[in-house]
Amino acid sequence: MSRFGKVAKENQKAGCPQMENREKVAIEDIITDYPEGITITGVGFITLEDDVAVFNFAEDEGVFFFGGKVLTDLAKSWLNEIGEGDVKLMNEELKKDGGCQLKLSRKKNKKNQFYTAYEVVEG
């Protein structure tokens, strides 16, 4: 295999560990299927035009979903809370704490655009 083929093969798995061997699910489906909320158990980041958070949740470990701006900002604040900017450490701490229970919903902003909002669910 050429060196270009090797680089292509290494980059073939673009994404983050939270996406590996999982199917993508839409936030709208999560809102419908889990009206009482979900327990976030893992977070990763991919870079498109900006960083986008990728989430896993306990209720279905076989899937992942992309967070919009609100959820990505939440994930970044969790990362800042760790203080070291270490995604692996953040996920270890998140699991140690039993995850974070959130109820997701769709709302409209002032420009009449939909976004995903969340409410913390106390368990």
Side-chain angles (χ1 to χ4, degrees):
M1 179 179 298
S2 75
R3 66 181 173 155
F4 297 102
K6 288 178 185 176
V7 171
K9 192 164 183 75
E10 288 171 9
N11 287 305
Q12 194 171 15
K13 295 182 180 179
C16 65
Q18 285 67 33
M19 298 168 67
E20 291 178 10
N21 301 315
R22 293 181 172 94
E23 289 185 40
K24 181 184 174 289
V25 66
I27 289 176
E28 292 81 3
D29 292 336
I30 295 170
I31 292 168
T32 300
D33 294 345
Y34 304 97
E36 300 303 313
I38 58 174
T39 306
I40 303 296
T41 56
V43 183
F45 295 93
I46 62 168
T47 301
L48 299 171
E49 290 178 17
D50 216 351
D51 286 340
V52 175
V54 179
F55 294 89
N56 301 129
F57 57 100
E59 291 75 10
D60 188 346
E61 288 290 340
V63 300
F64 70 89
F65 69 94
F66 293 115
K69 175 150 180 46
V70 171
L71 292 173
T72 295
D73 287 349
L74 172 63
K76 288 178 180 179
S77 69
W78 288 346
L79 191 57
N80 290 335
E81 177 67 24
I82 296 301
E84 299 173 30
D86 184 337
V87 174
K88 184 177 177 185
L89 179 60
M90 175 186 67
N91 280 307
E92 289 170 3
E93 294 295 320
L94 184 61
K95 285 182 181 170
K96 220 186 289 184
D97 285 354
C100 181
Q101 295 181 337
L102 301 176
K103 181 177 178 181
L104 306 180
S105 61
R106 298 290 283 164
K107 298 201 177 195
K108 280 188 178 182
N109 64 16
K110 293 177 185 175
K111 295 180 181 178
N112 218 26
Q113 298 168 320
F114 282 100
Y115 68 96
T116 303
Y118 67 88
E119 175 184 329
V120 177
V121 178
E122 305 260 345

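One is the number of the first residue; the rest follow in order along the sequence.
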* Consider only side-chain heavy atoms of I, L, V, M, F, W and Y, link residues closer than 4.5 Å, and tell whether W78 and F66 are in one cluster. => no
* Decide yes or no on side-chain hydrogen bond (donor to acceptor under 3.5 Å, both in side chains) for T39 and E59, but give the supporting numbers first. => CA-CA 7 Å; T39 306; E59 291 75 10; 3.1 Å; yes
* Kindly indicate whether the side chain of V87, heavy atoms from C-beta on, has any atom under 4.5 Å from the side chain of I82. => no
* is_close_aromatic(F64, F57), centroid dist under 6.0 Å -> no
* **T116: which of T72, V70, L71 passes side chain to side chain contact (heavy atoms under 4.5 Å, CB included)** => L71
* To do: Give the cluster check for F114 versus I31: same hydrophobic cluster or not, with ILVMFWY residues linked at side-chain heavy-atom distances below 4.5 Å.
  => no
* **Flag side-chain contact, heavy atom, 4.5 Å: K108 against Q113** => no
* More than 12 foreign heavy atoms under 6.0 Å from CG of N21: is that the case here? -> no
* **Nearest non-hydrogen partners of A75 and A53, listed with the distance** => CB-CB, 3.8 Å
* Structure fact -> Exactly one of I38, D29, N56, V54 clears side chain to side chain contact (heavy atoms under 4.5 Å, CB included) with F65, and that residue is I38
* Nearest-0.5 Å distance, CD1 of residue I30 to OG of residue S105 -> 12.5 Å
* Would a 4.5 Å heavy-atom cut-off, applied to side chains only, mark M90 and V43 as touching? -> yes
* Asked: Under a 4.5 Å cut-off applied to non-hydrogen side-chain atoms, are I40 and L94 in contact?
  -> yes
* Any side-chain heavy-atom pair from F45 and Q18 closer than 4.5 angstrom? -> no
* Determine whether I46 and L79 fall in the same hydrophobic cluster, where Ile, Leu, Val, Met, Phe, Trp and Tyr are linked whenever their side-chain heavy atoms lie under 4.5 Å apart. => no
* Evaluate the salt bridge (charged side-chain N to carboxylate O under 4.0 Å, His left out) criterion for residues K103 and E36: first the C-alpha distance (whole Å), next the side-chain angles of each, then the deciding distance (0.1 Å), finally the verdict. => CA-CA 6 Å; K103 181 177 178 181; E36 300 303 313; 5.4 Å; no
* Asked: Is V121 close to L102 at the side-chain level, that is, under 4.5 Å between some pair of heavy atoms?
  -> no
* To the nearest 0.5 Å, what is the distance between NZ (K95) and CG (D97)? -> 13.0 Å
* To do: Apply the test side-chain contact (heavy atoms from CB on, under 4.5 Å) to residues Q101 and E122: give CA-CA distance (whole Å), side-chain angles for both, the deciding distance (0.1 Å), then the verdict.
  => CA-CA 7 Å; Q101 295 181 337; E122 305 260 345; over 6 Å; no
* To do: Of all the heavy-atom pairs spanning G67 and F55, show the shortest one and how long it is.
  => CA-CE1, 3.8 Å
* **Any donor-acceptor N or O pair under 3.5 Å, side chains T41, E61** => yes
* Asked: Quick one: does D60's side chain have a donor or acceptor within less than 3.5 Å of a partner on G62's backbone?
  -> yes
